[in-house]
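A short write-up of the structure that comes next.
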Amino acid sequence: MDIVYRGGRVFAAAGFAEAVLVRDGVIAAVGSESEIVRQAATHDVVDLDGGLLVPGFTDAHIHPVQAGLERAKCDLSDIYGLEAYLAKIADYAAQHGDKDWIDGGGWDMSAFPGGLPHRSQLDFLDRPAYLIQRDHHAAWVNTRALELAGITAGTPDPVDGRIERDPDGTPSGVLHEGAMDLVGLLTPRPTAQDLDDALVEAQRHLFSLGITGWQDAIVGSYAGSDDQLPTYLSAAGSGRLVARAVGALWWDRTRGLDQIDELLERRARAEGLDRFRADSIKIMQDGITENFTAATLEPYCRCGGTGLSYVDPGKLKEYVAELDRLGFQVHFHAIGERAVREALDSFTGTNPGNRHHIAHLQIIEPSDVPRFAELGVTANLQPLWATHHAQMDELTLPFLGEPRSSWQYPFADLQRAGTRFCAGSDWPVSDADPLQGMHVAVNRTEPGGSVHASYPTAQEPFLPEQRIDLATALTAYTAGSAWINRSPAGIIEPGRPADLVVLDRDPFALPLGDIWTTKVRMTFVDGKIVHEV
């Protein structure tokens, strides 16, 4: 039976339309309501009720399995502050007396002086604790966990991380980057069923936000997490994976070209699956600014140091050239301006048809902005971070200084230079809701109701000259991210899969400051409903 979507507006490839006809899970026609009704055979009607019909969103940088696991553990992501964290942790421990560890995460660095909690704050627990920071670049552990891992004042920092220490050298309870594995790998391993349940729960949540496809930004073992490739293969093979997903296979930064054969074998294991491919490679080139591991060109203010380049820049171009030759897409994590430049340098001479992209892009030295379009590299935006929030104002700006602070998240400059955009959330690092991300991209202020919305400067636009318009932001989350994933969805035009989302209102008709109030009413994949309020 045909389906006619009418009663609102449609964000279509050729401009706004009134209605859409779907036949056998495929978009058959787009146009005026009278034209569509005339073309339809016996049909059902989806009443848009004054809302907006948009393509299903694709999240181009996300960690669904990890997010699903964390939602089932001690989840601190929806609260803020030490008092609230300790109350939640104590309650979780009381309810889970059978667990050998208290693990989970979601704490915010800005809730602690200098961004650093302490092991002693968790020593009231009768078990070891391992709680991952919201950004997933650090872990908060208690004394018992450090003892079990054998971490003492004499334990050296790993080459790709740092053990935070008290003045006398005693580990203080925060493990940065690669140091997370010193404890994280001791925590109880999730079972295959745990991982499968996590993926299914994550998919359910993402459908509720209108997300019908994604690129998992780390498929491999990293920071204490297990390899998710078997989970995706199982779910895609059995039909439990309904969304269109791509896995970015983890590049082991302690190795070189010797891992290529393994990556080829891992890619081949996903060949022939309808809903999952594993033809992207994730390279994490640096860390984050708040713990001074983001790679910068000039030293950080007050503390010195220029961060870490996790992959030797002298070898990076060789690695990327070989991956490109083999038809892999390369998906970079780059936060600091030096890491961004190193990633761009590595793409010189590569094939733009492989759809390489760089995610996060917090700081870009202005002379590097035009290089994205020149090299055919897509900017993978995480807009939610481009606001005045506590972490930005208290832990980032004071250590970046000027002019570097004004180089952050330069979306408008990238757009003017002709850069192609895709967009994502980095969930569970931040909220997965694309509409909240669009709100920030357009306003450069915190959405109402966010964890930082009550922060004093949250409604002061952050570098307002870098705002982009709503159509550009929406296209990044739809056509742009679908393009990165080589997905046939992401655009409303005849011949495309009917991956569609009904919004409860038309955000283009709202004051810009109210974009965040838009919600998803219905989500469809191949014309079949997968979420309805």
Side-chain angles (χ1 to χ4, degrees), residues 58-62 213-220 229 232 244-253 255-257 259-273 275-285 310-311 313 315-334 339-361 364 368-381 414 417-424 475-476 478-491:
T58 297
D59 192 308
H61 186 105
I62 192 170
W214 62 75
Q215 183 161 145
D216 191 317
I218 297 179
V219 175
L229 182 60
Y232 275 108
R244 306 176 197 276
V246 169
L249 303 176
W250 177 245
W251 179 268
D252 185 341
R253 56 204 187 198
R255 300 170 62 190
L257 292 176
Q259 64 190 290
I260 291 287
D261 286 345
E262 295 168 30
L263 295 171
L264 288 168
E265 185 273 332
R266 286 164 66 76
R267 178 173 69 177
R269 290 169 64 188
E271 289 178 359
L273 293 174
R275 296 286 154 166
F276 178 71
R277 298 194 329 278
D279 52 6
S280 186
I281 300 294
K282 169 66 175 297
I283 299 178
M284 184 177 287
Q285 187 57 14
Y310 290 138
V311 181
K315 298 178 180 177
L316 187 61
K317 183 171 176 55
E318 177 187 8
Y319 300 161
V320 170
E322 181 62 9
L323 292 168
D324 179 73
R325 185 186 71 80
L326 293 168
F328 281 107
Q329 174 189 91
V330 178
H331 177 164
F332 267 103
H333 163 119
V340 172
R341 179 169 293 177
E342 290 166 355
L344 288 169
D345 288 347
S346 77
F347 286 133
T348 303
T350 57
N351 177 12
N354 285 329
R355 309 189 186 192
H356 304 305
H357 50 127
I358 306 176
H360 308 327
L361 302 167
I364 307 177
D368 285 323
V369 168
R371 299 181 66 201
F372 284 81
E374 292 166 2
L375 293 167
V377 175
T378 298
N380 189 331
L381 311 181
L414 288 164
T419 306
R420 182 188 289 270
F421 287 158
C422 62
T475 300
T478 53
S481 293
W483 183 86
I484 276 294
N485 267 12
R486 300 185 185 273
S487 168
I491 299 173

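Fair warning: this is a prediction, and the values are worked out from it, not measured in the lab.
Considering all non-hydrogen atoms of both residues, A417 and P370 come closest at CB-CA, 4.1 Å. Summarising the geometry of R244 relative to A489, their closest heavy-atom pair is NE-CB, 4.0 Å, with the distance given to 0.1 Å. Listed here is the closest heavy atom pair of K317 and T348: NZ-O, 2.6 Å. What you find for A60 and Q215 is that their closest heavy atoms are O-CB, 3.6 Å. The heavy-atom pair separating I491 from A479 by the smallest distance is CG1-CB, 3.7 Å. The shortest non-hydrogen separation linking I358 to A334 is CG2-CB, 3.7 Å.
Checking side-chain atoms of Q285 against main-chain N and O of A343 turns up no donor-acceptor pair under 3.5 Å. Checking side-chain atoms of S481 against main-chain N and O of W214 turns up no donor-acceptor pair under 3.5 Å. The backbone N or O of G353 lies less than 3.5 Å from a partner atom in the side chain of N351, making a donor-acceptor pair. Formation of a donor-acceptor pair under 3.5 Å by the R266 side chain with backbone atoms of L229 is not found in this model. Looking only at distances, a side-chain donor or acceptor of R355 sits under 3.5 Å from a matching main-chain atom of W483. D368 contributes no side-chain N or O that, together with a main-chain N or O of R341, makes up a donor-acceptor pair within less than 3.5 Å. Remark: the backbone N or O of L257 is not paired with any side-chain donor or acceptor of K315 at under 3.5 angstrom. With hydrogens and angles disregarded, a donor-acceptor distance shorter than 3.5 Å links the side chain of Q329 to the backbone of I484.
In this structure, H61 has its ring center at least 6.0 angstrom away from the ring center of H333.
The side-chain heavy atoms of V377 and T419, taken from C-beta on, include no pair separated by under 4.5 Å. Within the 4.5 Å cutoff, the side chain of L361 has heavy atoms near those of the V340 side chain. Contact of the D252 side chain with the E262 side chain is not registered, since no non-hydrogen atoms from C-beta on lie closer than 4.5 Å. Here the side chains of D279 and V246 are in contact, with some heavy-atom distance below 4.5 Å. Contact annotation: the side chain of V330 never approaches that of T350 to less than 4.5 Å [non-hydrogen atoms, C-beta and beyond]. The side-chain heavy atoms of T475 and F421, taken from C-beta on, include no pair separated by under 4.5 Å. Counting only heavy atoms from C-beta outward, the side chains of I260 and Y319 never approach each other to under 4.5 Å.
The distance from atom NE2 of H331 to atom NE2 of H357, rounded to the nearest 0.5 Å, is 5.0 Å. The CG atom of N380 lies 7.5 Å from the NE2 atom of H360; values are rounded to the nearest 0.5 Å. I283 CD1 to Y310 OH: the interatomic distance, rounded to the nearest 0.5 Å, is 14.5 Å. Atom CG of L249 sits about 10.0 Å away from atom CG of D216, to the nearest 0.5 Å.
Of the listed residues (Q259, E265, R267), just one forms a side chain to side chain contact (heavy atoms under 4.5 Å, CB included) with L263, and that residue is Q259.
Taking the six-membered ring where tryptophan is involved, the planes of Y232 and F276 are essentially parallel, since the angle between them stays under 30° and well short of 60°.
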Under the criterion side chain to side chain contact (heavy atoms under 4.5 Å, CB included), I'd like the reasoning laid out for E322 against F328: C-alpha separation, chi angles, the key distance, then a yes or no.
CA-CA 9 Å; E322 181 62 9; F328 281 107; over 6 Å; no
Step by step, would you call L316 with F332 a side chain to side chain contact (heavy atoms under 4.5 Å, CB included)?
CA-CA 11 Å; L316 187 61; F332 267 103; 3.8 Å; yes
Run I364 and L414 through side chain to side chain contact (heavy atoms under 4.5 Å, CB included) and show every step you take.
CA-CA 10 Å; I364 307 177; L414 288 164; 4.0 Å; yes
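A salt bridge does not link R371 with E374: every distance from a Lys NZ or Arg NE/NH1/NH2 to an Asp or Glu carboxylate oxygen is 4.0 Å or more.
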